[in-house]
Each structure stands twice: as structure tokens, then as C-alpha cells.
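Beneath this line is the structure, given in C-alpha cells, with notes to follow.
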Amino acid sequence: MPLIEQYLKKHASKFESTLFEFLRIPTVSADPVRKADIAAAAQWLADLLSRLGLNSRLIPTAGNPLVYAESPPVPGMTTVLVYGHYDVQPVDPLSEWLSPPFEPTKRDGYVYARGASDDKGQLLTHILSTEAWLATEGRLPIQVKFLIEGEEEVGSAGLAQFLDSDVEQLACDCIVISDTAQFAPGQPAITYGLRGIAYYELKIHGPNRDLHSGSYGGAVTNSANVLAKMLAQIVDERGKIQVPGFYDRVLGLSDRERTQLSLLPFDEKEYWSQLGVDGGWGEAGYTPLERCWTRPAFDISGLTAGYQGPGAKTIIPRMASAKFSFRLVPDQEPEEITRSLETFLQELCPPGVRMELTQLASSPGMVVSLDSPYFDAARAAIEHGFGRPPIFVRSGGSIPIVSKLHQVLKVDVLLLGWGQEDDNAHSPNERFSLADFHRGIRTSARLWRELSRLRQA
Ligand code: BES
Ligand code: MN
Ligand code: MN
């Protein structure tokens with residue numbers, strides 16, 4: 001057995017301890033109370049990367065710090081930039097977790113913790129594979145750079161700003177990201193498309209205080225009624241979003257891609273039953289996979305208004321608010337959509353209330369061409385690490401900075417996900433298969449080797 005493989009085997013349980021340590025740091029980027037934990041996690045990563053022998057440093061931003069590290073250049077060889085995020089989503093609702101979100105717990109081959117799959121576990125595979133190379137061979141066969149951020153889950157503002165100023169040191173031949181999912185257990189995948197997103201908060205401001213709905217009901221505009229009605233008008237009964245011009249730039253699905261998607265082993269009945277529902281709903285004329293991967297969507301993520309305590313309390317709430325998003329597909333432009341949405345909502349907003357729309361995050365969608373030697377290297381590495389060649393999929397999720405990285409650095413993006421769609425990302429009881437964690441490390445170690453076979457011209 002090659003030295004590196006021996007090393008991976010020998011240190012498997014140490015790798016898990018490292019992952020658990022990382023998972024214990026509650027890096028919720030949406031929660032201002034977690035600032036110190038965010039700083040601690042960035043430092044923890046920088047220290048880990050330094051200990052491996054990489055040149056590593058923290059880069060402050062207006063938001064959360066970036067962690068940057070690089071190995072020495074290897075003349076004539078590929079340079080890879082690994083991107084990932086150390087921040088995680090909020091844990092709410094806490095009462096539904098079977099074990100505490102920041103006390104990683106091993107159950108049936110999984111580690112359960114917030115961030116296990118998204119993205120700490122996946123990100124760490126590339127750091128640990130690098131450790132294995134350095135510990136056994138003393139050097140990497142290619143140059144690897146790490147760019148790790150702490151604001152992915154809130155829109156990547158700090159990193160976006162950094163990319164406007166300073167990209168020379170990030171120069172590379174391809175970008176590797178493990179922050180997506182496999183197609184199914186035992187079926188690894190390379191993701192060639194991500195949806196974009198435009199995420200909003202909408203507030204409807206009514207009277208200057210909550211009012212008795214008996215005294216005032218029927219005459220005073222009710223902020224909650226207005227909010228419900230406005231939101232309901234965003235999408236029609238056939239699943240079409242009603243904002244004018246919304247579909248103008250949507251890139252249609254080609255017959256070829258449609259056929260490819262239809263050939264994927266997708267069991268619709270099983271899909272719904274796994275989610276505990278009796279079926280789904282979406283844009284007419286599209287299958288569930290087409291809807292999630294290739295079509296836009298409108299989803300309310302949170303609704304707040306008035307009284308929610310026990311029993312009846314009859315009021316007209318002074319304020320109502322919602323958080324919602326559009327998932328976008330190429331070539332929709334988030335800023336354009338925001339402008340037409342604002343006009344559309346203003347027209348629906350009746351007298352007696354005032355609306356306030358804020359965009360909280362946005363990014364365009366993307367599809368990448370698979371036609372490069374880097375993809376062949378990734379395919380070979382995955383076949384080695386997972387024992388099965390990957391299939392090519394799109395994803396409904398968004399990684400806000402990816403299209404900008406692609407634009408600025410002008411290189412291929414390899415989305416190599418080790419997670420599963422049912423890892424409960426963003427949900428209670430997030431988990432990551434430890435077998436996939438180790439397969440990911442093995443694949444990554446092999447990827448550095450495969451990429452070194454593609455000498456740069
Ligand atoms: N890792 C996900 C993106 C993802 C989700 C990939 C599902 C594959 C399948 C990423 O961390 C994420 O959750 N992004 C957010 C961005 C948003 C908060 C701006 C998303 O997609 O909701
Ligand atoms: Mn992620
Ligand atoms: Mn996420």
C-alpha cells in the first residue's frame with residue numbers, strides 16, 4: 001500500500017478528532033453574538049494549516065476574517081485554489097436536535113453536528129489530504145492554496161470586497177470546492193451547475209401600535225393581511241413567478257439536458273415518502289429534478305406578525321415581516337430582479353401601510369463546461385476514493401461567491417461534493433457520513449496526484 005494510503009488509514013481516528021474539534025466551535029455567521037467564536041474558528045484553521053507547514057494567515061474584512069494558506073509553488077505544475085466556508089447556519093429550532101448542535105456525536109456511522117456536512121466536514125477533507133502528503137512525501141506534487149471564509153451563509157460580502165482589491169495571490173489553474181452533495185449514497189457526483197439566489201426581508205409597517213381588532217378591525221389596514229396577500233401574489237397557481245420580466249433571461253432547458261436528467265435513477269415516490277409528504281408542487285411542465293436544478297423558485301423562509309402565544313388575542317399587528325428568496329438560474333440578474341420586485345410590490349401595497357424591502361444576499365446562478373482535463377482528473381480521483389465513477393448533476397443550492405471567483409480568476413470550477421441531500425443541512429440534526437469523510441480525504445489526496453499529471457504548458 002502506498003505511503004499516503006497507509007497514513008490515511010493510520011490516522012483515521014485522529015482525523016475524526018480534528019473534525020470534532022472544529023465542529024465544537026459555534027460559528028453561526030447570522031448571529032452577532034457569535035463574533036468571538038467566529039474569530040476563534042478562523043484562528044483554529046490558520047493554526048492547523050500552519051502546523052502542516054503551510055504559509056498561512058488571517059485576512060481581516062469588514063465582516064468575518066478570511067483564512068488564507070498556500071504551499072510552495074511547484075514550477076511547471078498545476079496550482080489549485082480550494083475554497084470553503086467555516087461559518088454555519090443557525091441551529092433553530094434547538095429543541096428538535098437529538099444531540100446538541102455543537103457537541104458532535106457519532107451515531108450509526110454519522111457525525112451529527114451543525115456544520116458537519118455544510119461545510120466543515122467537507123472542507124476539512126482537503127486540508128487533511130494535504131497533511132497526509134506533507135507528512136509522508138514531505139511536499140505536495142502541485143501547489144495548493146486555501147481560501148476559507150466565514151460569511152458564506154450570509155452572502156459572502158467580505159470575500160466579495162476582498163476579490164475587488166487583491167486577487168494576484170489567488171492566481172490558479174482551477175478551483176476546487178467541496179460544498180455540494182453526491183447524487184445518492186454510493187453514487188458520487190460532480191456538480192456542473194448551481195442556482196443563484198436573491199434573498200429579501202419585507203416589512204409591512206401599519207399603525208403606531210397594536211390595536212384592538214374589535215374597535216378598529218375593518219377600517220384600519222392590517223399589516224399581516226397585507227403581507228399575506230402580497231406574498232401570495234408573487235407566484236400563481238401554475239408555479240409561475242409574477243414579477244414582470246422575471247423569466248426574460250432564463251436560459252431554457254435543452255432537449256439533450258432534459259433527456260440526461262430523465263435518465264438519472266430518481267424514484268419520485270421514495271423522494272416524497274422520505275420527506276414525510278404525499279407529493280410536491282411546482283412550476284407546471286417540469287419534473288421535480290428539473291424544478292430544483294434548472295428552474296427558478298420562490299420560497300418564504302420565515303413569517304412574523306402579531307400574536308403567537310397561547311389562546312386568543314384579538315389585535316391588528318403594527319408590523320408584519322417575512323424573509324423570502326428567489327432561487328435564480330442562468331442568466332437571471334439579481335439586481336435587475338430586485339428592481340422589478342420592488343416596483344411590483346409597491347404597486348400591490350395598499351394605503352394605510354408602508355412597505356420596506358431589503359435585499360440580504362444575492363448571487364447569480366451558473367453552469368460550467370465540463371470540457372477540461374481538470375474534470376478528467378477529478379473523475380479519476382473520485383473513482384479511486386469512492387470506488388465508483390461520478391455522474392454529472394446540477395444543484396439547487398447556491399454558493400454566492402463562486403460565480404465571482406470564476407469571473408475574476410477565469411479558471412474552471414470543480415464542485416466535488418461529498419455530502420448527501422439528506423444530511424439535514426440548514427435543518428436540525430445535520431450530519432455527515434464518516435465513511436464519506438474518509439473517502440473525501442482519500443479522493444482529495446488522489447486529486448493532487450492526478451492534477452500533477454497535467455503539466456502546465
Ligand atoms: N453548501 C450550500 C450550498 C448547497 C446547498 C449546495 C444545497 C448543494 C446543495 C451553501 O452553504 C448554502 O447553503 N448556501 C446558501 C446561500 C445563501 C444563504 C445566500 C443557500 O443556498 O441557501
Ligand atoms: Mn455550504
Ligand atoms: Mn449552507
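Numbering of residues begins at 1 and proceeds along the displayed sequence. One-based numbering, in listed order, for ligands and for the atoms of each.
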When you measure from the centre of the six-membered ring of Y286, is the NZ or CZ of R291 under 6.0 Å away and within 45° of the axis? no
Could you tell me whether E283 and R238 make a salt bridge, using a distance below 4.0 angstrom between a side-chain N and a carboxylate O? no
From N424, D423, D422, residue fulfilling side-chain hydrogen bond (donor to acceptor under 3.5 Å, both in side chains) relative to S117: D423
I'd like to know if the side chain of D436 pairs up with that of Q182 as donor and acceptor (distance under 3.5 Å, no hydrogens or angles considered). yes
Determine which pairs satisfy ring pair (Phe, Tyr, Trp, His ring centres under 6.0 Å) with at least one residue from residues 394-417, sequence neighbours left out, and list them in order. none
Ring-face cation of K106 near Y112 (centre distance under 6.0 Å, axis angle within 45°): no
I'd like to know if the side chain of R114 and the backbone of S427 have a donor-acceptor N/O pair within less than 3.5 Å. yes
Given N64, which of E149, E152, K35 fulfils the side-chain hydrogen bond (donor to acceptor under 3.5 Å, both in side chains) condition? K35
Can you tell me which residues line ligand 1 if we count any heavy atom under 4.0 angstrom from one of its atoms, in chain and number order? H85, D118, E152, E153, D179, T180, I197, R327, A361, S395, G397, S398, I399, P400, H426
Measuring from the Mn ion (ligand 2), count protein N/O/S atoms under 2.8 Å, please. 4
ring-ring contact (aromatic ring centres under 6.0 Å, His included) involving F102 - partner list, sequence neighbours excluded: none
